[in-house]
Amino acid sequence: MQLSAKYNPAEVEDKWYSYWIKNRCFHSEPDNREAYTIVIPPPNVTGILHMGHVLNNTLNDVLTRKARMDGKNACWVPGTDHASIATENKVVARLKERGIRKEDIGREEFLKYAWEWKEEHGGIILEQLRKLGASCDWDRTKFTMEPALSKAVIDTFVYFYKKGLIYRGVRMVNWDPEGLTAVSDEEVIHRDTKSHFYHLKYYISDGNGNPTDDYLVIATTRPETIMADAAICVNPKDERHFRLHGKKVLIPLINREIPVIEDDYVEMDFGTGCLKVTPAHDAHDYEIGLRHNLPVMDIIDDHGRLNENAQILIGEDRFVARKKIVGMLEEAGNLVKVEEYVSPVGYSERTNAVIEPKLSTQWFLKMEELASKALESVESGKVKLIPDKYRSTYRHWMENVHDWCISRQLWWGQRIPAWYLPDGSFVVEPDEESALKAAQAINPGLKAEDLRQDDDVLDTWFSSWLWPISVFDAGRPGNPDHKPNRDLSYYYPTNDLVTGPDILFFWVARMIMAGNEFMGDVPFRNVYLTGIVRDKLGRKMSKTLGNSPDPLDLIKKYGADAVRIGMLLCSSAGNDIFYDESQIEQGRNFCGKIWNAWRLVSGWNVDPDAKQDETGRVAVKWFDNLLSKTICEVEDHYSKFRISDALMAIYKLFWDDFCSWYLELVKPGSGRAIDPLTYEASVDFFEKLLKLIHPVMPFITEELWHAMGERREGETIMFERSPKAGPYDAAFLSAFDTVRGLVMGLRSLRQQNGVSPKDRLDLYLEGADSLQELFPVLDKLGNVQVQAGAAEGASASFISGTVKASVPMGDYVNVEEERRKLEAELEHQKSFLEGVRRKLSNEKFVSNAPEAVVASERKKESDALARIKAIEESLKSL
RNA sequence: GGAAGGUUAGCUCAGCUGGUUUAGAGCACCUGCCUUACAAGCAGGGGGUCACUGGUUCGAAUCCAGUACCUUCCACCA
């Protein structure tokens with residue numbers, strides 16, 4: 001088959017992806033082979049592919065394809081995450097464009113829009129993954145909010161509630177008074193904001209609600225909240241305030257009496273050392289309030305206006321109230337001073353309104369027990385983190401875990417299965433029907449319309465933590481008695497998980513918890529944590545910065561294989577990736593190299609009667625050994641998840657060894673034919689190389705594998721076995737390296753002395769008896785006639801390994817420089833030898849160290865000796 | 001503020017048990033080549049006192065301590 005002069009990825013990629021789909025090459029069913037399973041970190045259903053996805057999914061695909069070629073039953077389960085916050089935001093924004101507010105249309109109508117959006121946009125990112133070459137089992141595509149998976153989430157909630165791990169509690173939420181909604185911590189942007197620090201006098205009460213002459217001073221940025229104060233707090237060790245202990249003070253303007261309390265939380269050297277405690281409007285104050293049993297008074301309504309609890313300035317906006325109350329305080333003589341002050345203030349990402357901390361009732365899951373088991377899973381090595389530096393981070397988090405707030409004030413998501421009775425009590429049941437029954441058990445007269453379901457939905461992570469279980473058998477989570485179906489028992493636990501370290505806690509840790517709880521086993525064995533993809537300037541790729549290239553454009557421009565290589569080249573585990581388009585260019589160039597190499601080999605004429613010459617025989621022997629050795633290295637890299645090292649080893653084998661040395665050695669001169677033995681060996685090497693490359697570059701390898709020979713419909717390189725390493729002759733390989741060093745030394749000498757590579761030279765070798773077999777290599781690639789003994793007259797000489805070579809070079813040689821170099825090396829060798837000998841004469845070392853280590857030291861000793869001898873002889877002959 | 005990690009060539013990174021790596025790779029750079037597979041290429045070359053300071057050792061990029069800077073995660077100071 002004739003190849004086009006240039007590789008055209010676009011054509012090839014579409015062709016083979018359709019071919020793989022048509023032949024259901026990615027599909028997996030349980031059978032009697034060993035399973036290799038990966039579940040995709042489900043991308044947001046509304047998301048579009050960015051460079052982070054490319055990195056992540058390329059790694060997943062490499063691992064999957066490698067396992068498949070190792071003969072395992074590989075199954076990579078794809079799917080998407082409903083991503084409640086992100087998706088709801090998008091739908092809200094879209095409705096806003098049409099002038100619709102979600103509150104106006106109500107929950108049901110809104111959800112219709114949301115599902116519409118999902119149907120329209122939900123498949124995009126999966127479609128994009130296909131362009132990358134992802135070998136996912138698309139028949140198994142799942143969505144975290146599809147009915148079965150949603151039911152699993154609800155069952156899980158009921159399960160934990162009945163187990164006593166889910167409870168209702170009060171928590172500060174970030175309230176957006178403009179959007180009239182609570183927003184998550186991630187949606188709050190902290191910005192340093194100029195404000196004022198108001199120092200206010202609080203007079204000490206005489207005990208009957210009347211002020212005395214004594215007062216204390218507090219510093220606050222929010223004077224409009226003083227009416228909600230529940231106490232003044234000082235540090236118990238603060239001598240300045242000992243006189244206040246047990247006293248009561250009066251809130252300015254409204255003269256309400258509040259106690260002075262003591263708590264370590266107050267820093268003595270910040271502000272005045274007196275803190276006003278306002279439990280309803282500050283998260284820390286709320287905590288202090290709990291510790292000291294303080295009443296909670298809420299004086300700000302949902303729109304950010306003061307309510308009647310405030311007694312004054314009722315109905316005023318919080319910022320207007322702030323201005324007004326400062327005037328009032330000044331007039332009343334309570335304002336001591338005002339300082340300029342810069343402090344971080346939270347703003348809503350959506351509306352840019354200043355966030356108002358607001359108390360609300362939320363649902364929580366107790367984490368202590370789940371976390372300690374999940375910690376044990378990693379500590380014991382049942383789950384390996386790669387790189388393992390994350391173990392300590394993981395431990396720290398698991399040991400300091402707080403209860404998980406699982407309710408979200410949103411509509412897009414699984415609605416909390418709690419139903420409130422008219423009296424305010426509630427029941428938790430998987431559905432409305434059983435909720436009614438449960439409610440009637442409390443109050444037999446109740447009807448369905450008396451019940452009101454909780455308005456909140458569950459945190460998205462509360463569904464994604466079930467992912468490795470629910471994609472196979474959604475009936476299991478929440479129902480430990482449910483017998484796992486065939487898929488779940490075959491594919492669980494999965495093997496590897498590839499994801500970013502930023503969600504180690506949010507997602508990975510929680511999956512381990514769910515796995516332990518519902519399966520009695522961890523969900524995966526290895527967690528490969530990638531780095532974060534950054535641009536050249538080290539900034540995170542983000543949409544707002546606009547510094548993220550569109551991966552699809554890159555695929556169009558360079559081809560999917562090139563993009564995959566580009567990402568892998570610079571991605572050692574756990575290190576951030578500095579994205580640079582030149583790496584993708586490198587990938588594209590590699591495609592070109594592979595393509596052209598096959599163009600060369602496929603263009604050879606074979607002469608059936610030709611005999612293999614010595615050069616061909618030696619070349620084949622060498623590459624066969626090298627291939628085995630490199631396969632061993634590559635396998636070792638894969639086993640340690642050093643994917644970029646594995647790739648680099650393959651890259652160099654193909655480019656530097658196969659193309660630059662092997663093919664150059666065996667290629668017939670122009671107009672000549674090649675012998676059958678060498679030809680067959682070359683084609684065989686090429687096929688093995690393609691198989692080695694396939695996991696990282698699926699498209700071009702499939703194309704060339706088909707170009708190499710007749711294939712039946714449905715045959716694919718991805719079902720071929722990875723090439724296996726045979727035994728290899730290390731001594732022969734090292735001899736070849738010596739010869740290679742000689743050839744390179746020759747080339748260098750020629751270049752420096754202006755001698756053309758075409759001029760044939762005599763090469764004098766000393767100590768080269770063992771290299772005789774490889775002389776044809778020197779002949780062909782060095783263009784020299786090999787002679788024994790020393791060169792006469794002026795010669796340039798050099799050492800490669802223990803072999804000394806010299807070439808007649810006329811007047812060009814700089815003997816002095818040569819001597820200096822050799823003397824320096826001699827000195828180094830001698831001192832090294834001394835050290836090695838000292839070590840070997842140490843009895844403790846010889847008897848305690850492993851045998852292999854001692855052997856390698858002995859080899860070092862003999863090598864150094866030989867080298868010293870060679871150098872000394874060179875020096876003599878100079 | 002708490003925790004973890006990092007600092008090696010212009011850039012991105014290897015360097016696993018301290019020594020044959022008197023510091024390696026890829027890219028970029030310089031020089032010479034359109035040599036019929038490949039200029040997206042070939043051949044050759046230059047470039048680093050391994051952040052800094054001390055310590056352990058015959059020997060340190062590698063182990064220990066301190067300093068500086070950077071990154072991430074957590075908590076964010078009334």
Side-chain angles (χ1 to χ4, degrees), chain A residues 3 5-7 190 197 218-222 233 265-267 270-278 282-285 288 341 343-344 346 387 389-397 400 501-502 504-505 531-532 534 536 538 540 558 562 569-572 574-580 582-583 585-604 636 640 642 644-645 647-649 651-652 659-660 663-664 667 670-671 744 747-752 754 757-758 824-825 827-829 831-836 838-839 849-850 853 856-857 859-861 863-864 867:
Chain A
L3 293 192
K6 286 245 191 273
Y7 173 57
H190 289 272
F197 219 15
I218 59 101
T220 180
T221 53
R222 300 202 59 191
C233 189
Y265 170 75
V266 180
E267 308 251 341
F270 189 85
T272 61
C274 295
L275 168 70
K276 77 188 207 44
V277 182
T278 320
D282 181 282
H284 284 292
D285 291 10
I288 298 172
Y341 186 65
S343 64
K389 67 177 178 186
Y390 285 107
R391 276 177 65 162
S392 52
T393 322
Y394 181 87
R395 184 184 320 118
H396 185 255
W397 193 73
N400 298 287
D502 47 336
L504 179 59
F505 309 135
I532 296 162
R534 298 170 178 282
K536 265 180 161 174
K540 247 185 198 174
Y558 297 105
L569 274 174
C570 54
S571 63
S572 45
N575 283 330
D576 283 359
I577 314 296
F578 288 82
Y579 164 78
D580 188 341
S582 76
Q583 287 148 351
E585 274 178 46
Q586 194 185 341
R588 175 203 54 191
N589 296 353
F590 190 40
C591 287
K593 191 72 187 176
I594 299 173
W595 187 258
N596 282 310
W598 180 249
R599 284 213 306 143
L600 173 69
V601 175
S602 63
W604 284 340
D636 185 52
K640 292 170 182 153
R642 298 159 75 133
S644 63
D645 289 345
L647 170 60
M648 192 44 77
Y651 178 91
K652 285 199 226 169
C659 292
S660 297
L663 289 180
E664 291 300 330
K667 81 176 175 192
S670 64
M744 294 188 347
R747 285 176 182 165
S748 178
L749 283 175
R750 289 184 127 117
Q751 180 119 1
Q752 279 161 27
K758 286 174 187 156
E825 203 195 338
E827 200 168 315
H828 168 73
Q829 289 294 340
S831 83
F832 174 72
L833 180 68
E834 195 189 336
V836 172
R838 197 191 312 247
K839 199 173 199 172
V853 174
S856 97
E857 290 299 315
K859 179 153 192 320
K860 282 177 195 170
E861 185 190 19
D863 284 357
R867 190 110 177 128

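Within every chain, numbering begins at 1; the chains are lettered A, B, ... in the order of the sequence lines, protein sequences first and strands thereafter. Side chains included, hydrogens not; waters and symmetry mates left out as well; all remaining heavy atoms used. Bear in mind the structure is a predicted one, so any value in this text is a computation, not a measurement.
A gap of 36 Å separates the C1' atoms of rA65(B) and rG26(B), to the nearest Å. For the P atoms, the distance from rG2(B) to rC76(B) is 15 Å, rounded to whole Å. Comparing the same atom, C1', in rA39(B) and in rA9(B) gives a spacing of 26 Å after rounding to whole Å. With both ends at atom P, the span from rC42(B) to rA60(B) equals 40 Å, rounded to whole Å. One C1' atom belongs to rG48(B), the other to rA61(B), and the distance between them is 11 Å to the nearest Å. Rounded to whole Å, the P atom of rG1(B) lies 28 Å from the corresponding atom of rC63(B). Spacing of P atoms, rU17(B) relative to rU7(B), comes out at 15 Å, to the nearest Å. For the P atom pair drawn from rC27(B) and rG41(B), the interatomic distance equals 9 Å after rounding to whole Å.
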Under-3.5 Å N/O pairs linking protein and nucleotides 44-46 of chain B:
from, atom 1, to, atom 2, distance (Å)
rG45(B), OP1, S748(A), OG, 3.0

Please write out each protein N/O paired with an N/O of nucleotides 18-26 of chain B under 3.5 Å, distance rounded to 0.1 Å.
from, atom 1, to, atom 2, distance (Å)
rG19(B), N7, K839(A), NZ, 3.1
rU20(B), N3, Q829(A), OE1, 3.2
rU20(B), O4, Q829(A), OE1, 2.2
rU20(B), O4, Q829(A), NE2, 3.1
rA25(B), O2', K652(A), NZ, 3.4
rG26(B), O3', Q586(A), NE2, 3.4
rG26(B), O2', Q586(A), OE1, 2.9
rG26(B), O2', Q586(A), NE2, 2.4

Enumerate the protein-to-nucleotides 74-76 of chain B contacts in which both atoms are nitrogen or oxygen and the separation is below 3.5 Å.
from, atom 1, to, atom 2, distance (Å)
rC76(B), OP1, H284(A), NE2, 2.6

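Among the atoms of the strands shown, none is found under 4.0 Å from any heavy atom of C233(A). Counting any heavy atom pair closer than 4.0 Å across all strands shown, V266(A) reaches a base atom. Using a 4.0 Å heavy-atom distance criterion, E861(A) is classed as making no nucleic acid contact. Across all strands shown, R222(A) has no heavy atoms under 4.0 Å from either base or sugar-phosphate atoms.
Distance OH (Y390(A)) to C1' (rC73(B)): 10 Å, rounded to an integer number of Å. Following rounding to the nearest Å, N400(A) (CG) and rA3(B) (C1') show an atom-to-atom distance of 9 Å. Protein atom CD1 of I594(A) is 17 Å distant from nucleotide atom P of rC38(B), rounded to whole Å.
Residues K276(A) and I218(A) approach most closely at CD-CD1, 3.7 Å, considering heavy atoms.
Side-chain N/O atoms of E585(A) and base N/O atoms of rA28(B) include no donor-acceptor pair closer than 3.5 Å.
Residues meeting the side-chain hydrogen bond (donor to acceptor under 3.5 Å, both in side chains) test with R642(A), sequence neighbours left out: D645(A). The side chain to side chain contact (heavy atoms under 4.5 Å, CB included) search around T221(A) returns S195(A), F197(A), Y341(A), not counting sequence neighbours. For Y7(A), the ring pair (Phe, Tyr, Trp, His ring centres under 6.0 Å) partners are W595(A), not counting sequence neighbours. In this structure Q586(A) satisfies the side-chain hydrogen bond (donor to acceptor under 3.5 Å, both in side chains) test together with Y651(A), sequence neighbours excluded. For the side-chain hydrogen bond (donor to acceptor under 3.5 Å, both in side chains) test, residues two or more places apart in sequence or in another chain that qualify with K640(A) are D636(A). Residues meeting the side chain to side chain contact (heavy atoms under 4.5 Å, CB included) test with A597(A), sequence neighbours left out: F654(A), C659(A), L663(A), F686(A). Legend: residues meeting side-chain hydrogen bond (donor to acceptor under 3.5 Å, both in side chains) with R391(A), ordered by chain and number and at least two apart, are absent. Scanning for ring pair (Phe, Tyr, Trp, His ring centres under 6.0 Å) contacts around W397(A) gives F505(A), with sequence neighbours left out.
Counting only Watson-Crick and G-U wobble pairs whose two distances sit under 3.5 Å, RNA chain B takes part in these stems of three or more pairs: B:1-7 with B:68-74, B:10-13 with B:24-27, B:29-33 with B:41-45, B:51-55 with B:63-67.
Distances from the side chain of S660(A) to the nucleotides rA37(B), rA3(B), rA43(B) place rA43(B) closest. Ranking rC27(B), rA40(B), rA78(B) by closeness to the L275(A) side chain, first place goes to rA78(B). Here the side chain of K593(A) is nearest to one of rA4(B), rG41(B), rA78(B), namely rG41(B).
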